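Chain letters run A, B, ... following the sequence lines, proteins first and then strands; every chain starts at 1. If you're wondering where the values come from, they're calculated on a predicted model, not measured in any experiment.
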There are 2 protein chains.
Amino acid sequence: MKANNHVPVYVTIFSELRDRIVNGSLGPGEMLPSENELCAKYRASRETIRKGLKQLEQAGLIYSSPRRGYFVNTPQHNKFTLSFSQDIGNGEVRFKDIRIIRPTAEIQEALNIPSNRKVIAFYRGNYKGERQIGLEIKYVPYDRGLPTIEDEINFAVFPEAADAKATSFSYYTELNIQAVTASGEILSMLDCSPEDPLLLLKRTYITQSGEHIGYSKQYLIPPYGELHGVSGYVQKNTH
Amino acid sequence: MKANNHVPVYVTIFSELRDRIVNGSLGPGEMLPSENELCAKYRASRETIRKGLKQLEQAGLIYSSPRRGYFVNTPQHNKFTLSFSQDIGNGEVRFKDIRIIRPTAEIQEALNIPSNRKVIAFYRGNYKGERQIGLEIKYVPYDRGLPTIEDEINFAVFPEAADAKATSFSYYTELNIQAVTASGEILSMLDCSPEDPLLLLKRTYITQSGEHIGYSKQYLIPPYGELHGVSGYVQKNTH
DNA sequence: AAGTGGTCTAGACCACGTT
DNA sequence: ACGTGGTCTAGACCACTTT
């Protein structure tokens, strides 16, 4: 049976079950009707029903337990999808300094390297107009022939800005968020006072083969240095 | 053609294409072979091929453009899936105080209420053993007959701890992360100094109908108050 | 005109949980 | 023994893009 306005059948199934879960008439832990029952109810083939159920599963609303049935999930509100505020993500970046240093214990651990392996440190400032809103230091192992500084910059240090075709999905990022104050050299490179609380984002760049190709510390000054996220099932308008 | 060790064909398709994308032999923006070509290559039916491609799409590696083809995505590293550290998520929570207050401008805006609408404020401490690692204040509109304080606590203030069957997916959470220092009353309820930088998590609880049912401010003390996240495509072992 | 992805069907076999 | 979800097939029609 076709739905009315060119709405695919599986979307109808998804929507109706989603509504029942969202409004509570299907509560967490409850079992959904079996695929065959839904086939009968919607007069659709099993694959079509499964398509709708798959969407619910991917939205995090249900899970399937093979040979038992589908069940409503218990909502998770301690996991968030986080994105950077526009100011940081789209703001201006200015080069500040570049150094070759001995790794601190922190950097050794983050990059998984011995103490005698030197590291290149890149200093960049985040700006919004003339106002500095952050400072980012990226550390990259200094090694393997070192093609040229330029190549290192393009492909290892700032992969997000480099030729996307070359970097691809070859790495992912681990993120750690802390609140800190700045001191010493860091403070002098930031436009703030010693008592100002800052967000510190530590990121480790890891290839799919497990190699740690970079480590960065980014200091963000309030009120620009804010992060935003959402958790749970956010209602989306049909795109 | 069946795969070797009971590995579904669509998983094989997913894995092989994923590897080609991850190792760069299929770069961002490149078009994948068409479904029909993949059908021929893997000697599988079109729906099976589509299943594998769907997985790649949901992993964020590719996207499909109807009537044109499938294309490799450009990786996004400014979106993170974030979760709380174990200490916070699994730590102990102790009740501290409960008050009925006039909403500040901040709370009015967060809860979307007028200034004459009173608010219940719940104060809770996060502990790890005897060490306090955080303070959370939840604000809930004081209204609609007020069933009993207990009900408010169970179903509006601490839904994550209440009967899951009653709360369901009826709300989602918006999160904001800042770095701050504590002062005045907040400071006195926290086990830290005025100059200690703290993480401040502001959360707004929103029902699917758009109603703002709660607002909370959680202060976290380093080094326990840390957040962790990942971005990009993280290799997972087949569970 | 040929090719593409989007939707859908009506079957099939399997492994396993429940009764 | 029966029901369940997991996998898979070989078709079909559609709307649209590309050539």
Next on the checklist: When you measure from the side-chain N and O atoms of A:Ser45 to the phosphate of C:dG11, is any distance below 4.0 Å, counting only OP1 and OP2?
Outcome noted: no
Item to check | Which residue lies more 5' along DNA chain C, comparing B:Lys54 with B:Ser34 via nearest heavy atoms | outcome: B:Ser34
Checklist entry - Charged N to carboxylate O under 4.0 angstrom, A:Lys54 versus A:Glu35? => result no
Checklist outcome for this item: Rounded to whole Å, CZ of B:Arg50 lies from P of D:dG11 at a distance of 18 Å
Checklist entry - Over how many whole Å does the gap from A:Leu38 atom CG to D:dG3 atom C1' extend? => result 14 Å
Checklist entry - Within less than 4.0 Å of OP1 or OP2 of D:dT9, is there a side-chain N or O belonging to B:Thr48? => result yes
Checklist entry - Do A:Ile62 and A:Leu26 come close enough that some side-chain heavy atom pair is under 4.5 Å? => result no
Item to check | Rounded distance in Å - CD (A:Glu47) to C1' (D:dC8) | outcome: 8 Å
Checklist entry - Are A:Ser64 and D:dG6 close enough that a side-chain N or O sits under 4.0 Å from OP1 or OP2? => result yes
Item to check | N or O in side chain of A:Tyr10 less than 4.0 angstrom from C:dT7 OP1/OP2 | outcome: yes
Checklist entry - Would you call B:Leu199 and A:Leu199 a side-chain contact if the rule is heavy atoms closer than 4.5 Å? => result yes
Next on the checklist: What is the distance, to the nearest angstrom, from the CD atom on A:Glu35 to the P atom on C:dG11?
Outcome noted: 17 Å
Checklist outcome for this item: Rounded to whole Å, OH of B:Tyr63 lies from P of C:dG5 at a distance of 13 Å
Item to check | Rounded distance (Å) that lies between atom C1' of C:dG5 and atom CE of B:Met31 | outcome: 12 Å
Item to check | Side chain to side chain, B:Leu82 and A:Leu227, heavy atoms closer than 4.5 Å | outcome: no
Checklist entry - Just by distance, with hydrogens left out, do B:Glu106 and B:Tyr215 show a side-chain donor and acceptor under 3.5 Å apart? => result yes
Next on the checklist: Exactly one of B:Glu136, B:Gln218, B:Gln132 should register a side chain to side chain donor-acceptor pair (under 3.5 Å) with B:Asn126. Which one does?
Outcome noted: B:Gln218
Is there any protein nitrogen or oxygen under 3.5 Å from a nitrogen or oxygen in nucleotides 13-19 of chain C, and what are the pairs?
from, atom 1, to, atom 2, distance (Å)
C:dC16, O4', A:Arg67, NE, 3.1

Checklist entry - Hey, is the side chain of A:Tyr70 poking within less than 4.0 Å of OP1 or OP2 on D:dG6, counting only N and O atoms? => result yes
Checklist entry - Between D:dG3 atom C1' and A:Glu37 atom CD, what is the distance in whole Å? => result 10 Å
Checklist entry - In this structure, are over 12 heavy atoms from other groups packed under 6.0 Å from B:Gln58 atom CD? => result yes
Next on the checklist: Measuring from the side chain of A:Pro8 (C-beta onward, heavy atoms only), which nucleotide among C:dC8, C:dG6, D:dG5 has the closest atom?
Outcome noted: C:dC8
Item to check | Nearest-angstrom distance from the residue atom CZ of A:Arg43 to P of C:dA10 | outcome: 12 Å
Checklist entry - Looking only at side-chain N and O atoms, does A:Asn36 come under 4.0 Å of OP1 or OP2 in D:dG3? => result no
